[in-house]
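Here the structure is laid out as structure tokens; the discussion comes afterwards.
Just so you know, these numbers come straight off a predicted model, no measurement behind them. By convention in this document, chain letters (A, B, ...) are assigned in the order of the sequence lines, proteins followed by strands, and residues within each chain are numbered from 1.
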Protein chains: 2
Amino acid sequence: MLHSGGKRLTKQRQLALDVLQESAEHLDAEAVYARAKARDPKISIATIYRTLALLKEAGLVEENRLGEEHAHFEATRSTPHYHFTCLRCGRVIEFDTPQVQEAIQSFCTREKIQLVSVQLLLSGYCALCRREEE
Amino acid sequence: MLHSGGKRLTKQRQLALDVLQESAEHLDAEAVYARAKARDPKISIATIYRTLALLKEAGLVEENRLGEEHAHFEATRSTPHYHFTCLRCGRVIEFDTPQVQEAIQSFCTREKIQLVSVQLLLSGYCALCRREEE
DNA sequence: TTACCTGCAAAGGGTTTGCACTTTG
DNA sequence: CAAAGTGCAAACCCTTTGCAGGTAA
């Protein structure tokens with residue numbers, strides 16, 4: 001998979017991928033760095049960024065911008081899914097619906113688009129944080 | 001609308017909103033600044049950023065991150081719409097589908113979510129830029 | 001062996017902020 | 001007149017890059 005482009009599978013790259021695949025959450029570069037560093041104290045944040053870009057290009061990792069913040073990453077999963085972020089507590093809820101898939105599919109067919117990535121991000125207030133009309 | 005929170009309607013704010021409402025494209029802060037500056041040479045980029053944040057909060061302007069780049073802004077329109085960005089030529093195609101709306105609606109109802117914003121961003125290659133399997 | 005990769009530290013670029021001055025309401 | 005907003009320039013923060021020394025294949 002990585003080898004296709006003359007890319008090497010170094011221990012740093014394996015480590016970054018492991019960190020993401022073992023995590024249920026969406027980690028930002030700093031968080032991946034922290035977890036990787038716990039197992040390889042020599043690893044640098046520059047390598048983390050370079051590796052994340054590489055893994056993303058290889059399709060092994062997806063980048064999304066939750067909230068309005070900086071980038072977050074997660075290991076690619078078999079089924080596509082979308083995100084909701086609570087503006088108050090920061091909780092992220094994932095969801096998936098075939099309707100969205102179908103709508104996107106038909107748009108791409110109609111426009112002759114070759115789809116590479118899909119990001120659907122909702123934001124607002126979750127059940128616990130919402131304020132009823134005050 | 002702005003007045004609700006003791007906010008003032010200054011000429012700079014009006015100008016920034018005008019710029020966005022008159023533009024068909026998605027402008028980034030720098031572009032809004034350039035166009036505003038043409039009419040008010042004294043305006044500063046800091047005011048543009050502060051104003052964009054304010055207008056967004058007021059619901060008059062929407063922010064989206066097209067491509068993977070920095071923020072772009074557009075005046076809020078009556079109907080929600082989504083974006084596709086071509087990774088090669090940068091072209092942005094807008095689209096809308098009730099299916100997506102419905103799916104989002106039902107997710108929010110189920111999760112008791114108070115929705116504030118929706119961003120659906122597709123990326124890939126447009127009809128003109130796609131490379132058939134090489 | 002040799003292209004590719006890493007760590008370090010410095011640079012980059014979009015965005016935000018502190019402060020003194022101006023303006024709106 | 002008081003509170004809010006502006007312009008300027010410096011600060012910020014996430015991310016990228018140049019380079020000299022390592023390392024996978």
Side-chain angles (χ1 to χ4, degrees), chain A residues 1-20 26-58 60-74 85 90, chain B residues 1-20 26-58 60-74 85 90:
Chain A
M1 36 176 76
L2 270 187
H3 285 184
S4 42
K7 302 297 181 189
R8 295 175 180 170
L9 181 53
T10 63
K11 62 180 195 305
Q12 291 92 334
R13 291 176 180 176
Q14 184 62 60
L15 178 51
L17 183 56
D18 287 349
V19 163
L20 280 168
H26 302 76
L27 305 179
D28 58 20
E30 206 66 48
V32 174
Y33 176 50
R35 294 180 188 207
K37 197 163 191 172
R39 297 192 226 168
D40 173 2
K42 296 280 187 299
I43 203 169
S44 76
I45 186 82
T47 295
I48 296 296
Y49 275 108
R50 285 189 278 233
T51 299
L52 289 171
L54 189 90
L55 294 173
K56 193 173 76 170
E57 214 172 325
L60 295 170
V61 159
E62 288 173 2
E63 174 178 356
N64 22 46
R65 317 198 78 95
L66 306 173
E68 300 270 321
E69 303 141 35
H70 52 284
H72 286 247
F73 302 84
E74 63 182 321
T85 306
Chain B
M1 36 175 75
L2 271 186
H3 283 185
S4 43
K7 302 297 181 191
R8 293 175 182 170
L9 182 52
T10 64
K11 62 180 193 304
Q12 291 93 334
R13 289 176 181 175
Q14 184 62 58
L15 178 51
L17 184 56
D18 286 349
V19 164
L20 280 168
H26 302 78
L27 305 178
D28 59 20
E30 208 65 49
V32 174
Y33 176 51
R35 295 182 186 206
K37 196 162 192 170
R39 296 193 227 166
D40 174 2
K42 296 281 188 298
I43 202 169
S44 75
I45 187 81
T47 295
I48 297 296
Y49 275 108
R50 283 188 280 233
T51 299
L52 289 171
L54 190 88
L55 294 173
K56 193 173 75 170
E57 215 172 325
L60 296 170
V61 159
E62 287 173 3
E63 173 179 356
N64 20 47
R65 314 197 82 94
L66 306 173
E68 299 270 323
E69 303 141 36
H70 51 284
H72 286 247
F73 301 84
E74 63 182 321
T85 306

Is the phosphate of [N] approached by [X] (side-chain N or O, under 4.0 Å from OP1 or OP2)?
X: B:Y49; N: C:dT16; result: no
X: B:R13; N: D:dG5; result: yes
X: B:T47; N: D:dG5; result: no
X: B:Q12; N: D:dG7; result: yes

Next on the checklist: Output the rounded distance in Å from NZ (B:K42) to P (C:dT23).
Outcome noted: 11 Å
Next on the checklist: Could you tell me how far apart A:D28 (CG) and D:dT15 (C1') are, to the nearest whole angstrom?
Outcome noted: 12 Å
Who are the side chain to side chain donor-acceptor pair (under 3.5 Å) partners of [X], not counting sequence neighbours?
X: A:R50; value: none
X: A:K11; value: none
X: A:Q14; value: A:D18
X: A:R35; value: A:E25

Next on the checklist: Just to be sure I follow the notation: if a pair is Watson-Crick (purine N1 to pyrimidine N3 plus N6-O4 or O6-N4) or a G-U wobble (N1-O2 and O6-N3), each under 3.5 Å, what dot-bracket string does DNA chain C give, with | for pairs to another strand?
Outcome noted: |||||||||||||||||||||||||
If you only use heavy atoms from C-beta on, which nucleotide in [options] is closest to the side chain of [X]?
X: B:R50; options: D:dC8, C:dT15, C:dG7; answer: D:dC8
X: A:T10; options: D:dG5, C:dT15, C:dT6; answer: C:dT6
X: A:R8; options: C:dC4, C:dG18, D:dT15; answer: C:dC4

Checklist outcome for this item: Result for 5'-nearest mapping on DNA chain C, choosing between A:P41 and A:L54, is A:L54
Checklist entry - If you measure only the distance, is there a donor-acceptor pair under 3.5 Å linking the side chains of A:N64 and A:H72? => result no
Checklist entry - In residues 30-39 of chain B, which ones come under 4.0 Å of DNA chain C, going by heavy atoms? => result none
